[in-house]
Protein chains: 2
Amino acid sequence: MSNNSRYISSLVAVDCLIFGFQDQTLKVLLIKRNLKPYQNEWSLMGGFLQNKESAEIAAARVLTELTGLTGVSMEQIKTFSKVYRDPTERTISIVYSSLIDINKFEAQLNHEYEAQWFTLKELPKLIFDHEDMVEEGRNFLRKKAALQPILFELLAEKFTIPQIQQLYEEVFEATFDKRNFRRKLLGSILLEKLDEKDKLSSKKGAFYYRLDKQTKHYNFSILLNLAYSSL
Amino acid sequence: MSNNSRYISSLVAVDCLIFGFQDQTLKVLLIKRNLKPYQNEWSLMGGFLQNKESAEIAAARVLTELTGLTGVSMEQIKTFSKVYRDPTERTISIVYSSLIDINKFEAQLNHEYEAQWFTLKELPKLIFDHEDMVEEGRNFLRKKAALQPILFELLAEKFTIPQIQQLYEEVFEATFDKRNFRRKLLGSILLEKLDEKDKLSSKKGAFYYRLDKQTKHYNFSILLNLAYSSL
DNA sequence: ACAAAAGTGTTGTGCATACACCCATGG
DNA sequence: CCATGGGTGTATGCACAACACTTTTGT
């Protein structure tokens, strides 16, 4: 099958849906476009596929460009291809998502871009179909989090149990019993309890934990039934 | 962001991963390419995105072209974009999957294409990265089937319980206790028992069932724990 | 002293699993 | 009459959900 005028040759973009967790809230990283058209409107950070680049590589490049972070794992969410999704030019966009520890990010932010974290409830209007992208990403996050302990990537190295619980409650838009949550969590994942306490959110203070070094073997049927209703 | 020589303008293809169920076996529909290069090699049925066409529309068009079927629901599986996946020309491909009742298909097959059903175990060598596509599709099918009663789309309007069980066993590559399976199934989905029996696979015969008309409210935590291990 | 969040155990129930025998029929 | 696959019921254990009180400490 060779090139033929009936077939379009389309620009292919990648867009990065970057989730972080801050102030007990799940957030997405958006940038304000600094070029026309749609100047000053908010969007996901994206970029076009370059010549000798797979979409995975392109997505990683875009992420690094914005945040300075490398080696972050990214997952393909979905490809968007509506004909007029970008009114100025026919493009299709492959969306990738990543979860980052928001503090690492702050350190390395590229200030060429005007980037800002938004909670999912206070999302501004986004260009094109980027709001659909966020929605898809959110569903993806739920399914994934129900099956694998990925959400830890959103937390700093040290974290408290109440923090994790808040994160899960955010993602699933639900509230869980703290006794049951703690039991399930500790029963599924090897966590190392530290002596240090986080006293920011209570007077008593909550012990920090960190992921046990050799934690590769989690027993993660955990939280699955939470998932039932939300999937 | 306007066109720029660093950015490639790539051909965008869709490939259709069509699953069917026949002789107690899960099968995929492949075609033998009738043009060079790679003439006479097997591949998924695909086509290029046309000018005013979204990928969803293109995938539906391709499916119809091959099978004559319309209105079949299709799901986007994943987009493949390795640089040299198609050695002759840079293309990216968006894979869609559908489940069809193999009998409906037989009736309407377009014989311009040399199409053939293959079991997953006897898959021939496929062009490009099409084998990866099949693999992705299979994973997708498992996850989806664990949460939703989609597999019914593979069956004819009337089906027996043992038939469904075989189908699920195929998809999950596992065997289930028939008493438990039946109980869970009937407890989750409204099935209407018919008076008629299928005597093809046993002397006693197995009663036919069909999906209850207003079956929109299934209670499908069913089979989820089968999923645990396979997801 | 009191407010605010952290931390802790027990009990009941429903669900999944495991398991063995009878039934209907065609050859 | 027998071989083949279809169909049925029960007992056990486990994992989840529900639930209330004590601890710590900053103000």
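Note that these values count all heavy atoms, side chains included, but never hydrogens, waters or copies made by symmetry. Within every chain, numbering begins at 1; the chains are lettered A, B, ... in the order of the sequence lines, protein sequences first and strands thereafter.
- A straight line from CD of Gln165(A) to C1' of dG7(C) spans 12 Å, rounded to a whole angstrom.
- Atom pair Phe207(B):CZ and dG7(D):P shows a separation of 7 Å (rounding to whole Å applied).
- Test Gln166(B), Glu170(B), Glu169(B) against Gln24(B) for side chain to side chain contact (heavy atoms under 4.5 Å, CB included) and you get one pass: Gln166(B).
- In this structure, Tyr209(A) places its OH atom 10 Å from C1' of dA6(C), rounding to the nearest Å.
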Inset, instruction - Quick one, give me the B/S/- string for nucleotides 19-27 of chain D, reading 5' to 3', where B means a protein heavy atom under 4.0 Å from the base and S means that only happens at the primed atoms, P, OP1 or OP2. - result: BB--BBBB-
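- The distance from atom CD of Gln163(B) to atom C1' of dG7(D) is 16 Å, rounded to the nearest whole Å.
- Look at CD on Gln24(B): it is 10 Å from P on dG5(D), rounded to the nearest Å.
- Within 4.0 Å of Ser201(B), counting heavy atoms only, lie sugar-phosphate atoms of the nucleic acid but no base atom.
- Ring planes of His130(A) and Phe128(A): perpendicular class, angle over 60° (limits at 30 and 60°).
- By the 6.0 Å and 45° rule, Lys27(A) does not stack over the aromatic ring of Phe118(A).
- Taking atom CZ of Phe181(B) as the reference point, atom C1' of dT8(D) lies 16 Å away to the nearest angstrom.
- Proximity of Leu66(B) to Cys16(B): side-chain heavy atoms (C-beta onward) are nowhere separated by under 4.5 Å.
- When each of Leu141(A), Val171(A), Ile102(A) is paired with Phe19(A), the side chain to side chain contact (heavy atoms under 4.5 Å, CB included) condition holds for Leu141(A) and for no other.
- In this structure, Lys78(B) forms a cation-pi arrangement with Phe80(B), its terminal cationic atom sitting closer than 6.0 Å to the ring centre and no more than 45° off the ring axis.
- The interatomic distance linking Asp198(B) (CG) with dG6(D) (P) rounds to 9 Å, in whole Å.
- When rounded to the nearest whole Å, the span between CD of Gln166(B) and C1' of dG6(D) equals 12 Å.
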